[in-house]
Amino acid sequence: MKKIILPLTLSALVGCQHVNQPKTEQNLPVNSASRTDIYQALLTDESADVIHPKQDVDIPLNENQDGLVVDNIWDRIRAQLTFEIPDNSKVRAHRDWYAKHPTYLDRVAKRAEPFIYYITEELEKHNMPMELVLLPVVESAYDPFAYSHGSASGMWQFLSRTGKSFGLHQDWWYDGRRDVAASTQAAIKYLKYLNKRFDGDWLLALAAYNSGEGRVAKAMRDNARKGRPTDFWNLRLPKETRDYVPKLLGLAAIVKDPQNYNVELYPINNEPVISSVNIGSQLDLSLAAKLSGLTVDELHALNPGLNRWATPPNGPHTLLLPTTKVEQFSQALEQLDSNQRLSWQRYKIKSGDSLSVIAKRYNTTVDVIRETNDLTNNVIVTGNYLLIPTATQSLDRYTSYEQVRLNKLSKKGEGSKVTHTVKHGDTLWDIGKLYNVSSKDIAKWNGFAPKDMLKLGQKLTIWTGNTSSNKQGVTRNIQYKVKSGDSLARIASRFNVKIKDIEKWNNLSRKKYLQPGQILKLSVNVTSI
């Protein structure tokens with residue numbers, strides 16, 4: 001049994017990055033106090049778009065040690081931070097929020113603990129800026145199970161198509177976007193490509209990672225045509241992207257000098273605590289957990305790319321395990337016969353059966369049944385027998401990521417419940433029009449993203465009457481300081497509110513000009529801005 005320890009190779013420090021300073025902050029819409037108020041309205045460790053479908057698992061990484069951290073990986077990371085951090089209101093607001101929420105930083109660091117050494121190693125190996133080790137904090141709070149309503153998944157939040165473009169395999173058994181090692185390699189390739197695409201400007205590359213290279217390139221062309229600067233700080237980009245880069249810079253400021261912000265970072269050993277073990281072929285996860293002395297949840301937390309009750313039949317044939325558990329696991333696995341790796345069911349084919357029906361019944365795939373039984377096509381004969389691999393324990397003992405995600409994402413609406421069966425040619429827009437509801441609500445009620453494909457025969461839950469559209473979100477009253485160039489229309493658009501509401505809240509008339517420094521009261525849905 002070959003044990004592969006994630007390697008330790010330290011390369012030269014990454015070169016200095018030169019960050020263009022903004023010439024103006026007129027595109028920075030919220031002062032520090034307001035931005036902090038908005039953040040405080042959000043649930044800690046959650047955002048409007050990213051869902052954490054599983055509870056955190058405390059993985060036994062250092063059971064044979066006293067827990068004392070002598071060599072802290074944050075020192076290694078800190079020594080290689082090279083980005084210049086501009087002192088503007090955006091960066092300050094995010095930096096101050098992180099500093100005021102140490103429990104959030106601790107929780108994220110504990111999630112990162114099994115993986116951050118590996119990611120640090122890989123960034124050094126590829127001569128990448130060490131600030132990128134903090135990018136999963138901004139993307140997913142270092143949660144490899146994180147999933148967004150925009151169909152992004154994993155610690156690095158890859159969309160399905162982008163993930164495939166950078167080598168992340170996805171099928172019924174496995175999703176490489178959640179595989180920490182595989183997705184880290186893909187993220188490095190993608191970020192290298194974007195950095196080259198934008199002539200070595202890392203802030204533009206990061207903006208493109210968030211909103212797409214086409215959108216950033218278009219914003220640059222628009223500015224160039226108008227004679228304006230084309231650096232990140234001066235581009236007209238979506239609000240999420242305008243916050244995205246300052247979040248990373250604000251976090252980097254704290255990691256660079258935590259004492260200055262009265263922050264004590266959760267200590268993490270500067271050594272590999274997990275190892276990749278070659279298991280050779282398909283293995284039941286409950287059995288693998290037993291052999292390694294872990295629970296199924298602990299094993300799955302280290303191997304989040306696994307969708308089902310066993311590792312994929314066609315690979316990858318590796319498992320990540322705590323380094324302290326590898327010897328025990330390897331010795332136990334060597335003693336197993338090949339037919340003990342999975343439980344097998346001898347099934348007699350009945351009239352009306354098909355491979356798809358049988359596969360669904362036993363929670364497997366048609367391809368697995370065909371391969372196991374040396375079938376060249378899907379034709380089966382009544383009375384014959386099939387050998388089918390099955391879970392060694394009842395399925396409720398296993399974590400089905402897709403079902404957990406569906407349960408987490410599905411939201412109950414209000415009114416009367418109707419079930420709609422998807423027909424040929426149906427779209428979410430058509431169905432929404434039929435029931436007088438929004439396509440976004442239909443997606444929310446059924447636990448998928450608005451852009452996900454519908455399947456013929458799919459059952460959709462529709463809530464007619466009172467929809468949840470007007471009841472979703474968290475509302476907070478904030479104060480906004482008017483800036484030069486502001487108008488009621490611009491402020492209303494920025495905070496996703498109506499002009500007439502701003503007038504009502506502040507006893508204003510749209511005929512009168514706003515004055516710089518004027519304080520406006522706003523009632524803001526913080527999950528929609």
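You'll find the side chain of Leu168 reaches within 4.5 Å of the side chain of Phe158, heavy atoms only. Between Ile462 and Lys417 there is no side-chain heavy-atom pair separated by less than 4.5 Å. Leu321 is listed as a side-chain neighbour of Leu299, based on a closest heavy-atom distance under 4.5 Å. Contact check for Val138 versus Leu134: no side-chain heavy atoms found under the 4.5 Å cut-off. Counting heavy atoms from C-beta on, the side chains of Pro322 and Leu302 come closer than 4.5 Å. Contact annotation: the side chain of Ile380 approaches that of Ile358 to within less than 4.5 Å [non-hydrogen atoms, C-beta and beyond]. Annotation: side chain of Leu355 is in contact with side chain of Leu386 (closest heavy-atom distance under 4.5 Å). Between Ile349 and Tyr385, the closest side-chain pair of non-hydrogen atoms is not below 4.5 Å.
Geometrically, Arg308 engages Trp172 in a cation-pi contact defined by less than 6.0 Å to the ring centre and at most 45° from the axis. Cation-pi contact between Arg111 and Tyr142: absent, since separation from the ring centre below 6.0 Å together with deviation from the ring axis within 45° is not met. A cation-pi arrangement is present between Arg76 and Tyr117 under the rule of less than 6.0 angstrom and at most 45 degrees off the ring axis.
Distance CE/Met155 to CG/Asp179: 10.0 Å, rounded to 0.5 Å. Rounding to the nearest 0.5 Å places OG1 of Thr461 at 7.5 Å from CH2 of Trp463. From Leu287, atom CG reaches atom CG of Leu336 across 5.5 Å, with rounding to the nearest 0.5 Å. The line from CG of Leu333 to CG of Leu291 is 6.5 Å long, rounded to the nearest 0.5 Å. To the nearest 0.5 Å, atom CZ of residue Phe145 and atom CG of residue Asp175 are 11.0 Å apart. To the nearest 0.5 Å, atoms CZ (Phe166) and OG1 (Thr162) are separated by 7.5 Å.
No hydrogens or angles considered: a donor-acceptor pair under 3.5 Å links the side chains of Tyr266 and Glu113. Residues His420 and Lys459 bring no donor and acceptor atom of their side chains to less than 3.5 Å of each other. Side-chain contact of Tyr347 with Asp353: a donor-acceptor pair under 3.5 Å is present, judged by distance alone. Between the side chains of Ser160 and Arg177, no donor N or O sits under 3.5 Å from an acceptor N or O. A side-chain donor-acceptor contact under 3.5 Å links Trp156 and Thr184. Neither side chain, Asn377 nor Arg370, offers a donor N or O lying under 3.5 Å from an acceptor on the other.
Using a cut-off of 4.0 Å between Lys/Arg side-chain N and Asp/Glu carboxylate O, Lys110 and Asp106 are scored as not salt-bridged.
Checked by atom type and distance alone, the side chain of Asn307 pairs as donor or acceptor with a backbone atom of Asp171 at under 3.5 Å. Checked by atom type and distance alone, the side chain of Asn373 pairs as donor or acceptor with a backbone atom of Ile369 at under 3.5 Å. A distance-only check finds no donor-acceptor pair linking the side chain of Glu334 to the backbone of Gln331 [under 3.5 Å]. Proximity of a side-chain donor or acceptor of Gln335 to a complementary backbone N or O of Ala332 within less than 3.5 Å is not detected. Although no hydrogens or angles enter the test, the distance criterion places no donor-acceptor pair under 3.5 Å between the side chain of Arg341 and the main chain of Leu283. The backbone N or O of Leu237 lies less than 3.5 Å from no partner atom in the side chain of Thr241, so there is not a single donor-acceptor pair. With hydrogens and angles ignored, the 3.5 Å screen pairs no side-chain donor or acceptor of Asn303 with any backbone N or O of Leu306. Ser211 places no side-chain N or O within 3.5 Å of a backbone atom of Ala208 that could act as its donor or acceptor partner. Under a 3.5 Å cut-off, the side chain of Arg178 and the backbone N or O of Pro304 do form a donor-acceptor pair. Remark: the backbone N or O of Glu327 is not paired with any side-chain donor or acceptor of Ser330 at under 3.5 angstrom.
Closest approach of Pro60 to Leu294, counting heavy atoms only: CG-CD2, 3.7 Å. Annotation for Tyr244 and Leu206: closest pair CE2-O, 3.3 Å, computed over non-hydrogen atoms. Contact record, Ala152 with Leu159: N-CD2, 3.7 Å, taken as the closest heavy-atom pair. Here the closest heavy-atom approach between residue Val245 and residue Ala207 is recorded as CG2-N, 4.1 Å. Smallest separation of non-hydrogen atoms from Gln340 and Asp337: OE1-N, 2.7 Å. Across all non-hydrogen atoms, the minimal contact from Ala289 to Val296 is CB-N, 3.9 Å.
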So Ser275 and Thr323, side chain to side chain donor-acceptor pair (under 3.5 Å) or not? Walk me through it.
CA-CA 5 Å; Ser275 300; Thr323 303; 3.0 Å; yes
Before you tell me yes or no, could you show the steps for Thr318 and Thr311 under side chain to side chain contact (heavy atoms under 4.5 Å, CB included), namely the whole-Å CA-CA distance, both residues' side-chain angles and the distance that decides it to 0.1 Å?
CA-CA 8 Å; Thr318 57; Thr311 60; over 6 Å; no
Pair Trp202, Met128 - check side chain to side chain contact (heavy atoms under 4.5 Å, CB included), show working.
CA-CA 10 Å; Trp202 274 109; Met128 301 284 276; 3.7 Å; yes
Does Ile116 form a side chain to side chain contact (heavy atoms under 4.5 Å, CB included) with Ile77? I'd like the steps, not just the answer.
CA-CA 10 Å; Ile116 196 169; Ile77 291 169; 3.9 Å; yes
Stepwise side chain to side chain donor-acceptor pair (under 3.5 Å) test for Tyr209 and Glu139:
CA-CA 10 Å; Tyr209 188 90; Glu139 284 288 348; 5.0 Å; no
Would Leu319 and Ser276 count as a side chain to side chain contact (heavy atoms under 4.5 Å, CB included) if you check the C-alpha gap in whole Å, the side-chain angles of each, and the deciding distance to 0.1 Å?
CA-CA 6 Å; Leu319 284 175; Ser276 178; over 6 Å; no
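Evaluated for a side chain to side chain donor-acceptor pair (under 3.5 Å) with Asn210, the options Lys247, Gln157, Glu240 yield exactly one hit, Glu240. Of the listed residues (Leu251, Leu248, Asp243), just one forms a side-chain contact (heavy atoms from CB on, under 4.5 Å) with His94, and that residue is Asp243. For the side-chain contact (heavy atoms from CB on, under 4.5 Å) criterion with Met130, the lone passing option out of Ile119, Thr120, Val255 is Thr120.
The ring of Tyr104 has its center closer than 6.0 angstrom to the ring center of Trp97.
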